[in-house]
Amino acid sequence: MSDAKRKALKKIAKCLELSNSSNINEAAQAIKMAQSLMKKYGLDQDDIDFIRMGKTTSETLLPTSVSDAILKIIRGINTRFGVECVLTNHKGLKKAEFIGDADRAIFAAFAFDIVYREMNEHVGQFRNSFQGTGTSQTEITRRIGSFTFGWLDGALAKLPNIAPDGDADKKIKDYIDSQFKNIDRETFKQQLRDAMKGITDDYEKGMKKGKQVSVSRPVSGKQAPKRLS
């Protein structure tokens, strides 16, 4: 994409923002300006949609070997917010980078950080509850796994569902193709499909705890205080 076309897209995006103004005259002028620029530079709606796309990296540092629990968080956020996640390398570890409509991408990364942090806190408390009980390590591992997936189902169900309609998946794919190289998304998706296993009665306990999570939407790309309801 040429610099001239990119600059034009940014001007059009600004005009489209102004077109939502409560001032009728200002909104009308903004629409006319956007149409004029689109005609001048030979741009279409796909170009406009592309400039609105963005990517936001979560603050959380993830281990190199990504667990099933992390994959489940990513799958839930992808579905709820209509984004796609790419795991990128960061100083020997990994970070989750969310791609989609710029506003949704910001919110998705913000939600990921909250859910991941609160999951670790509650799972840690559940793990500590086995101290002194004489329960075998195998049984503890099995029950913690079930509690964790129950917790995640409860937490992810509390997230807002703001996934866009239409051909958003294709736009996201095109954006990823333009921004990233050599990303094996099919292998990643297969890992997501295989993530949930080993359910026990602790699943329900985890779900009740997970439903306590609350996500406050960040304003202007800045994170709001992270909290529980």
Item to check | By side chain to side chain donor-acceptor pair (under 3.5 Å) - contacts of Thr57 (at least two apart) | outcome: Glu97
Item to check | Shortest non-hydrogen separation from Leu93 to Thr64 and the atoms involved | outcome: CA-OG1, 4.2 Å
Checklist entry - If every non-hydrogen atom of Ala111 is compared with every non-hydrogen atom of Phe81, which pair is closest and at what distance? => result CB-CE1, 3.6 Å
Next on the checklist: Classify the ring geometry of Phe126 against Phe130: parallel below 30°, tilted from 30° to 60°, perpendicular beyond 60°.
Outcome noted: perpendicular
Checklist outcome for this item: To the nearest 0.5 Å, atom CE of Met119 lies from atom CZ of Phe147 at 11.0 Å
Checklist outcome for this item: Sequence neighbours excluded, the answer for side chain to side chain donor-acceptor pair (under 3.5 Å) partners of Lys209 is none
Checklist entry - So, for Leu156 and Gly76, which heavy atoms are closest and what is the spacing to 0.1 Å? => result CD1-CA, 4.0 Å
Checklist entry - Once you round to the nearest 0.5 Å, how far does CG of Leu159 lie from OG1 of Thr79? => result 10.5 Å
Next on the checklist: If I take atom NE2 from residue His122 and atom CZ from residue Arg117, how far apart are they, to the nearest 0.5 angstrom?
Outcome noted: 10.0 Å
Item to check | Atom pair CG/CZ of Leu152 and Arg75 - distance to nearest 0.5 Å | outcome: 9.5 Å
Next on the checklist: If I compare all heavy atoms of Pro63 with all of Tyr116, which pair ends up nearest, and what's the gap?
Outcome noted: CD-OH, 4.1 Å
Item to check | Any donor-acceptor N/O pair, Thr56 side chain to Ala109 backbone, under 3.5 Å | outcome: no
Item to check | Test item: Lys94 side-chain N/O and Asn89 main-chain N/O as donor-acceptor pair under 3.5 Å | outcome: no
Checklist outcome for this item: Residue set satisfying side chain to side chain donor-acceptor pair (under 3.5 Å) with Thr133, at least two apart, ordered chain then number -> Thr135
Next on the checklist: Using the rule given for side-chain contact (heavy atoms from CB on, under 4.5 Å), can you reason through Phe107 versus Arg104, listing the C-alpha separation, both sets of side-chain angles and the distance that settles it, and then say yes or no?
Outcome noted: CA-CA 5 Å; Phe107 199 9; Arg104 290 187 178 92; 5.7 Å; no
Item to check | Sequence-distant partners of Lys95, salt bridge (charged side-chain N to carboxylate O under 4.0 Å, His left out), two or more places apart | outcome: none
Next on the checklist: The criterion is side chain to side chain donor-acceptor pair (under 3.5 Å); which residues satisfy it with Gln125, sequence neighbours excluded?
Outcome noted: none
Checklist entry - To the nearest 0.5 Å, how far apart are CD1 in Ile144 and CZ in Arg142? => result 12.0 Å
Checklist outcome for this item: Between the CD1 atom in Ile140 and the CD atom in Gln131, the distance rounded to the nearest 0.5 Å is 9.0 Å
Item to check | Heavy-atom side-chain contact between Trp151 and Met207 under 4.5 Å | outcome: no
Checklist entry - At their closest point, which heavy atom of Cys85 faces which heavy atom of Ile74, and how far apart are they? => result CB-CG2, 3.4 Å
Next on the checklist: Taking Asn161's backbone N and O only, do any of them form a donor-acceptor pair with Arg80's side chain (distance below 3.5 Å, no angle check)?
Outcome noted: no
Checklist outcome for this item: side chain to side chain contact (heavy atoms under 4.5 Å, CB included) filter on Ser67, not counting sequence neighbours, yields Ala69, Ile70
Checklist entry - Would you call the rings of Phe98 and Phe112 parallel, tilted or perpendicular if under 30° counts as parallel and over 60° as perpendicular? => result tilted
Next on the checklist: For Glu59, is there any backbone N or O sitting under 3.5 Å from a side-chain donor or acceptor partner on Asp113?
Outcome noted: yes
Next on the checklist: I'd like to know whether Val83 forms a side-chain contact (heavy atoms from CB on, under 4.5 Å) with Ile99, so could you lay out the CA-CA distance, the side-chain angles of the two residues, the decisive distance to 0.1 Å, and finally the verdict.
Outcome noted: CA-CA 5 Å; Val83 297; Ile99 296 94; over 6 Å; no
